[in-house]
Amino acid sequence: MLAAVLVLNFLLFRMMPGDPVASIIDPNFSPEAKAALSRMYGLDKSLPVQFLLYVKSTLTFDFGISFLTGRPVLDELRSRLPNTVFLLGTSLLISSFLGTWLGMAAALRRGSLLEKGVLWSGAVSFSFPSFFVQLLLLMAFASALPLFPLRGTLSVPPPPGGWALAGDYLWHMALPVFSLSLLGFGGWALYVRNLMVKILGEDFILLARARGLPRKNIVWRHAFRTLLPPLLTIFLLSLPGIVSGAVITETVFSLHGVGRFLLEAVTGHDYPAAGASFFLLALLTIGANLLSDLLYGITDPRVRLDRGGRG
Amino acid sequence: MSALLKRWSFWSLLALVFIAIFGNRFFAAPPEAEVAASFSKPLWLDRSLPPTREITLTPEEPSVTLEWAYPPPAAFSLRTDLPESAAGLSVVWRRPDGSELTLAPLKKGLEVDGRDMAFKRALGLTPFGDAAGALFPGSGRYEVSVKGEGPWKGSVKIRLEGGRWGLLGTDQRGRDIAALFVAGVRVSLLVGIFATLIATFLGTSVGLLAGYAGGWTDSLLMRLVDLLLSIPLLPVLMALAAFWGKGLWQLILILSVFSWMGTARTIRALTLTLRDVPYIEGLRGLGAPSGYILRRHLLPETLPVLLATMTLGVPGAILSEAGLSFLGLSDPRVISWGRMLHEAQSFGAFTSGAWWMLLPPGLGIAFLCLIFLDLGKFLEERADPRLLSGGKP
Amino acid sequence: MISVEKLSITYKRQSARERGSVKALREVSLSVEKGQIAALAGESGSGKSSLLMAIPGLLPPGTEVTGRILLDGTDLLTLSEEELNRLRWRKIALIPQGAMNSFTPVLTVGRHVEEVLSVHLGLTGRAAAERIDSLFTLAGLEGTLAGRYPHELSGGQKQRAAIALALACDPDYLLCDEPTTALDVITQKGVMDTLKRLAEEKGLGLLLVSHDLPLAASVASRIFILKDGLLVEEGTPRDLITNPQSVHTAALVNALLELEEES
Ligand SMILES: Nc1ncnc2c1ncn2[C@@H]1O[C@H](COP(=O)(O)OP(=O)(O)OP(=O)(O)O)[C@@H](O)[C@H]1O
Ligand SMILES: [Mg+2]
């Protein structure tokens, strides 16, 4: 998995048409200076050697110097990663909890207004572009009604002191996190509702009723426990999408995060920076992937024994 | 078939295809053209603002009156279109109180703008004065006419730039949003349909191959699918679009290369169940070549499902294209809905409250996606009747 | 005594395509007493399972049910879900058709038994564990199997686990929907003997649904035969074989007798 990402990363950011060095240096540079630059980025070696060098430096998180800012890429990323992780983590938590809860409630009350709402929010989250919804939110709650800031992660200059700083941060992150959760949760609730409807139609639920069990037991012990493993699968499958969503969200709200850094690097042909931020985003996905794979094994007895190659 | 005719989505799609093909014929100017002041509101929106007007004076109709009940227009300009200058004639502006101002002589190739210093001085204003304000002191009946002795040929055009224009207003460059919107339909449809067509082709080939061949081919291909499914798509697309090319067809190709995995999985699963159906096994026993079995038997069997997954895949492609364009990674010369949103954001559509720049492209994308989702659901139910009894969506 | 009086069941189908109703049962009356084994036979689709599921009130919502189902005098059809929950499993337990899918896949079979013990009898901890052990022994299973998940059991083991689960709260009546179809002949006999012994020793009233007329005749004291939702025949096994009332039963009996002779 990791190896594959490394290869892909290399292909994407090193073997693209166009000489990477040509894009940053002045045509007036002397050939010697050009060669020196090439050597600095290891571009004078043969491809396999380049690849090995690249793997080594990536695995040691030595991403080189950004073409654009001239600062080490690692430093740039280190200041941005916490924001991205915070954005992703909180919205993922909010949307999965809220989505699960609403989806289950909808499945338990078939035909209710709530169910219709869940069905609709599902359709909306599959058809409305995320950035469009976010732009609307920005327009409504930051521009027309100035409740939230229009851009940025912190006020300029940032307020002094721990609590004020934390409050300012939360105030800036509120709208991005809210919108990203909103967009995740519609689809999530729809999935949960569909799965739950299917489970509630299973024989073992009827039998649990036949046993005179209280509704609470049926819903939580029997239905929910059965729902959990497929839920984790969906979680796993939705991760890449959420990371993509974070890139867009960071751009819309001008957050100081890895995603927007990637965009800037990509538009500025800053290969080392682009490669490194892509690698980091992929790493985030892989990490979360492994985690939910692990949880899957714990929650589903059927895969505990006969778990073959997966993930 | 008749069930299809009852779907709203089918008719909406037809209408959009019609618009995509013929839509731009309904506009006088091409979508790139600047037609009015930037950020003009839609005509129907703020009725207290003047609409944009164009007045043409000719020898046959040398004077035009206009009723004015608005604040002064945003800009004023005058252009002569004459074969030769006519001495002794000039364009005269009469205000409701009867006072007259001479705007310009009838000179060949004259272009006057309300912001020109010379024009302001001619009106007796300071260089910082407001020409439009001086010309329109209040509401009432105005008259503009060519006065003086002598014959003349050609025409004089006067343009009063209002704050309102067209059905959906204008963007930051003064382009007609309605025309841009219509041009965007084409791109979204094109990208959505072609990207999924190519992706479906790829996915079907891989799925059929993996399912039918089995063994290590199968496991290798499925590993690849797993891998691609667990990598965040947008960053990859961003890198490819930025480094490889932004053209429309390049974008379509990039999108399809990274969205065939779902189809491959579905088709593979189907092929696996079909492969062991007795008649296929019989065919193999008779020595029919694999290619023949794939083409003549497995492919037709999987077709209904294929059609459904394809239709359901279109929104994904449309949204990806829109996302890339929104990030500014599309060809700036190609007008698309995502691009319109990108420009709306980068030129501060909200700080100026220009929501009409935001809503049409955004809702357009959403509507198009909803159409394909509904059609896809319809086809899915056709392909798999079990879905019908199992609750609504 | 469970007595079913003039019970009619009409399923309503409301899918996107068809709208209509299926009459699964028409004015059927029958009764089972404690300590008695009654058998319900009939061809596939004749309404046997529908009748059985109607007793503890488990038909899908929207199904039209008329008539009366009396459990020791109270009409079950008039009870609320909570009131039914107090009777379910404590008075009336159920062994479903094809026990395959009747266990929640993510819980061990022992956990299922434990749950009903704690909900209905308030048994937990050691007492529950001991009871689970004795129930499994009663059903002819090793106690260690209680720690297994449903998919780790064979069909026959699952069927026996379903019996253990059904007997957990000492019900008065046991409704069995083809408890032995998934089993081989020897195991079938074993299960039937267990059920029969329970009826005799514990005074359990047993309503047994079966395709298998000879098997039913060998254990039941009364047999009811359904066809297309109608009760076409009722009596002791002897009555049925010597003096079948309907052409249909006669044909069935003849076929069976021929089979017996052949083997
Ligand atoms: N949930 C349901 N919705 C609609 N119709 C149903 C439903 N369940 C059963 N039926 C119909 O009711 C009739 C009786 O079904 P039932 O399951 O009671 O038959 P059965 O005698 O148990 O058959 P078998 O021996 O095959 O189990 C059948 O025609 C069946 O199609
Ligand atoms: Mg049945």
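Below, chain A is the first sequence line, B the second, and so on; all start at residue 1.
Surrounding OH of Tyr191(A) are at most 12 heavy atoms belonging to other residues, nucleotides or ligands under 6.0 Å away. The local environment of CG in Leu14(B) is crowded, with over 12 non-hydrogen atoms from other residues, nucleotides or ligands closer than 6.0 Å. Applying the 6.0 Å contact sphere to CH2 of Trp8(B) captures more than 12 heavy atoms from other residues, nucleotides or ligands. Other residues, nucleotides and ligands place no more than 12 heavy atoms under 6.0 Å from the CH2 atom of Trp120(A).
The shortest heavy-atom contact between Pro232(B) and Val243(A) is CB-CG1, 3.8 Å. Residues Met238(B) and Leu263(A) share a closest heavy-atom pair of CE-CA, 3.5 Å. When every heavy atom of Leu234(B) is checked against every heavy atom of Ser244(A), the shortest pair comes out as N-OG, 3.1 Å. For the pair Val252(A) and Gln345(B), the tightest heavy-atom approach, listed with the atom from each and the gap, is O-NE2, 3.3 Å. Residues Leu319(B) and Ser127(A) share a closest heavy-atom pair of CD2-O, 3.8 Å.
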Exercise for the section: Apply side-chain contact (heavy atoms from CB on, under 4.5 Å) to the pair Phe126(A) and Leu373(B), showing each step before the final yes or no. Expected result: CA-CA 8 Å; Phe126(A) 286 126; Leu373(B) 283 180; 3.8 Å; yes
Practice task
For side-chain contact (heavy atoms from CB on, under 4.5 Å), just list the numbers for Trp355(B) and Leu136(A), CA-CA rounded to whole Å, side-chain angles, deciding distance to a tenth of an Å, and then say yes or no.
Solution key: CA-CA 8 Å; Trp355(B) 55 262; Leu136(A) 287 185; over 6 Å; no
Exercise for the section: Give the intermediate values and the outcome of side-chain contact (heavy atoms from CB on, under 4.5 Å) for residues Leu329(B) and Thr267(A). Expected result: CA-CA 8 Å; Leu329(B) 294 171; Thr267(A) 35; 3.6 Å; yes
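Counting heavy-atom pairs closer than 4.5 Å to chain A, the top-ranked of the candidates Ala322(B), Pro315(B), Ser219(B), Gly328(B) is Ala322(B).
Using a 4.5 Å cut-off between heavy atoms, Leu359(B) contacts chain A through both its backbone and its side chain. Contact annotation for Leu363(B): both backbone and side-chain heavy atoms come within less than 4.5 Å of a heavy atom of chain A. Both the backbone and the side chain of Leu327(B) come within less than 4.5 Å of a heavy atom of chain A. Both the backbone and the side chain of Thr251(A) come within contact range of chain B, with heavy atoms under 4.5 Å apart.
The closest side-chain heavy-atom distance from Phe132(A) to Ile365(B) is not below 4.5 Å.
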